[in-house]
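Remarks on the structure that follows.
Just so you know, these numbers come straight off a predicted model, no measurement behind them. A note on names: the letters A, B, ... follow the listed sequences, proteins ahead of strands, and every chain is numbered from 1.
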Amino acid sequence: MWKQVAGIVLLVVLAAAGWLAWQVSSSPKVELPINTRMGGPFTLVNQHGETVDQSVLQGKVSLLFFGFTYCPDICPATLAQVSYLLNRLKPREAAEVQGVFVSFDPKRDTPEHLKTYLQFFHDSFIGLTGSAEQVNQAAQQFGVVYLLDEHGTVSDSQSAPEHEDYLFSHSDFVYLVDQQGRVRKLYKSDFDTEELIRDLRSLL
Amino acid sequence: MIFAHYFSSRAALTLMALFFSGSVLAADSSWQLEAGWVRAVPPNARTTAAYLQVLNHAAKPLTIIAARTSASDRTEVHDMLHENGLMKMVKLERLEVAAQSTLSLAPGGKHVMLMDLEQVPQEGSSVEVCLADTEGLERCLSLPVQRSAPSAENSLEQRHSEHHH
């Protein structure tokens with residue numbers, strides 16, 4: 001009799017352990033909240049000179065960030081770090097992810113310039129630019145702030161001479177955007193690669 | 001011919017001085033440059049940055065007031081400030097290194113900015129970076145051109161500025 005009881009107890013214990021193990025293993029990955037205040041319609045021009053809209057951020061997970069190619073430190077560092085991250089992904093994952101760099105310096109960052117510049121870092125990069133108004137509108141959708149420094153003499157970058165060495169003060173967030181074009185998380189430009197890969201995989 | 005003789009002995013002395021100047025300079029170890037790199041950038045980039053460490057061995061503060069490089073005609077020292085959530089680059093007229101301290105020029109912080117590049121330094125080549133102090137002493141170091149910091153594994157950019165040694 002006591003053998004049967006022990007057997008039942010053992011079964012119950014095993015079942016409980018199994019249930020617990022299943023709970024732990026199947027617990028959903030970190031669910032990233034959807035940022036409803038960022039994103040929205042925009043019109044820009046890609047590095048091939050084609051007009052694109054917000055749908056460029058759909059279908060793949062995007063690592064979106066804003067900058068300008070005359071920037072010597074932060075922007076190339078972020079580009080290098082994002083391309084490093086893309087290379088860390090498995091090919092199957094990398095096919096579902098794209099880097100998107102938006103320039104808020106359309107005067108110097110023409111589509112052709114962006115094309116050559118971005119190719120150096122990674123094939124998957126999409127470079128976006130446009131008119132000063134288009135760029136400004138897109139930046140506003142993501143709460144991006146950029147200010148021409150007094151270092152430069154012109155207040156309107158659209159009329160700035162080609163090779164003037166003006167600089168911008170700017171916010172430096174990297175946006176994790178899901179396949180529906182929704183912002184899921186923001187990172188500082190010196191983001192932790194492991195954290196971003198973990199978050200990114202939760203969307204794949 | 002006395003002049004010629006005088007001249008040649010002067011020349012010999014100069015040669016001697018040149019011969020020893022290397023060791024004299026090395027003996028003057030008040031400060032030195034160390035462990036740096038230059039960021040490899042796309043062929044159509046107009047700027048890049050150099051990073052390195054300035055070691056001040058002296059018991060007094062060191063003030064760097066000039067920078068030059070072999071890769072560009074215009075070289076400035078810049079700092080990256082975080083102001084109201086914005087990254088702002090400012091030109092520094094002087095770079096202070098506290099007594100017996102090391103100042104790290106590193107990504108996201110102080111850096112030597114190479115401007116007006118007609119030709120970007122090739123990845124794998126090297127660029128000579130020279131800094132000069134208020135007394136006119138100049139130190140140069142040849143830095144490798146590479147895509148990321150030498151010690152980089154996954155966290156490419158370490159953002160530290162100053163530490164004591």
Side-chain angles (χ1 to χ4, degrees), chain A residues 66-85 87-88 105 108-110 112-122 125 127 143-151 162-173 188-197, chain B residues 37-51 69 71-92 105-118 120-123 145-149 152-160:
Chain A
F66 292 69
F68 64 115
T69 71
Y70 197 80
C71 155
D73 185 47
I74 289 288
C75 309
T78 307
L79 281 162
Q81 207 169 341
V82 169
S83 47
Y84 169 80
L85 182 151
N87 289 331
R88 281 274 312 274
D105 185 16
R108 290 182 298 195
D109 291 341
T110 60
E112 310 85 77
H113 186 84
L114 276 184
K115 189 178 177 186
T116 310
Y117 190 86
L118 293 173
Q119 260 169 4
F120 176 83
F121 294 101
H122 202 276
F125 274 122
V144 171
V145 179
Y146 59 99
L147 300 167
L148 191 72
D149 285 345
E150 63 274 18
H151 201 62
E162 182 82 11
H163 286 310
E164 205 184 332
D165 57 348
Y166 55 89
L167 297 168
F168 291 91
S169 296
H170 59 98
S171 45
D172 65 328
F173 288 109
K188 292 296 283 176
S189 58
D190 59 342
F191 59 84
D192 175 52
T193 306
E194 301 309 318
E195 178 194 351
L196 216 167
I197 287 186
Chain B
W37 58 291
V38 171
R39 186 181 294 288
V41 289
N44 62 345
R46 300 274 302 160
T47 65
T48 188
Y51 311 104
T69 70
S72 67
D73 291 337
R74 263 185 79 199
T75 305
E76 294 178 357
V77 177
H78 284 220
D79 197 1
M80 188 67 75
L81 303 180
H82 299 250
E83 248 177 30
N84 308 319
L86 300 186
M87 306 295 283
K88 182 182 172 66
M89 276 222 300
V90 289
K91 183 183 172 185
L92 299 179
L105 304 190
K110 297 182 178 69
H111 56 274
V112 178
M113 182 173 176
L114 287 64
M115 309 168 82
D116 294 346
L117 293 175
E118 287 305 328
V120 303
Q122 289 292 306
E123 189 176 358
V145 180
Q146 45 199 49
R147 285 186 183 234
S148 57
E153 287 142 38
N154 52 2
S155 63
L156 287 176
E157 326 292 358
Q158 293 174 359
R159 292 174 182 221
H160 49 239

_Under 4.5 Å from any heavy atom of chain B, what part of A:F121 do you find: side chain, backbone, both or neither?_
both
*By a 4.5 Å heavy-atom criterion (distance strictly below it), what part of A:L147 contacts chain B: side chain, backbone, both, or neither?*
side chain
_side-chain contact (heavy atoms from CB on, under 4.5 Å) between A:L118 and A:F120, intermediate numbers included_ = CA-CA 5 Å; A:L118 293 173; A:F120 176 83; over 6 Å; no
*Working for side chain to side chain donor-acceptor pair (under 3.5 Å), residues A:D105 and A:Y146*: CA-CA 10 Å; A:D105 185 16; A:Y146 59 99; over 6 Å; no
*From B:E76 atom CD to B:K91 atom NZ, the distance as rounded to the nearest 0.5 Å*: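 If we round to the nearest 0.5 Å, B:E76:CD and B:K91:NZ are 4.0 Å apart.
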*Under the 6.0 Å and 45° cation-pi test, does B:R147 pair with A:Y84?*
no
*asked:* Report which part of B:M80 has an atom under 4.5 Å of a heavy atom belonging to chain A: side chain, backbone, both, or neither.
replied: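 Answer is side chain: those atoms of B:M80 sit under 4.5 Å from chain A.
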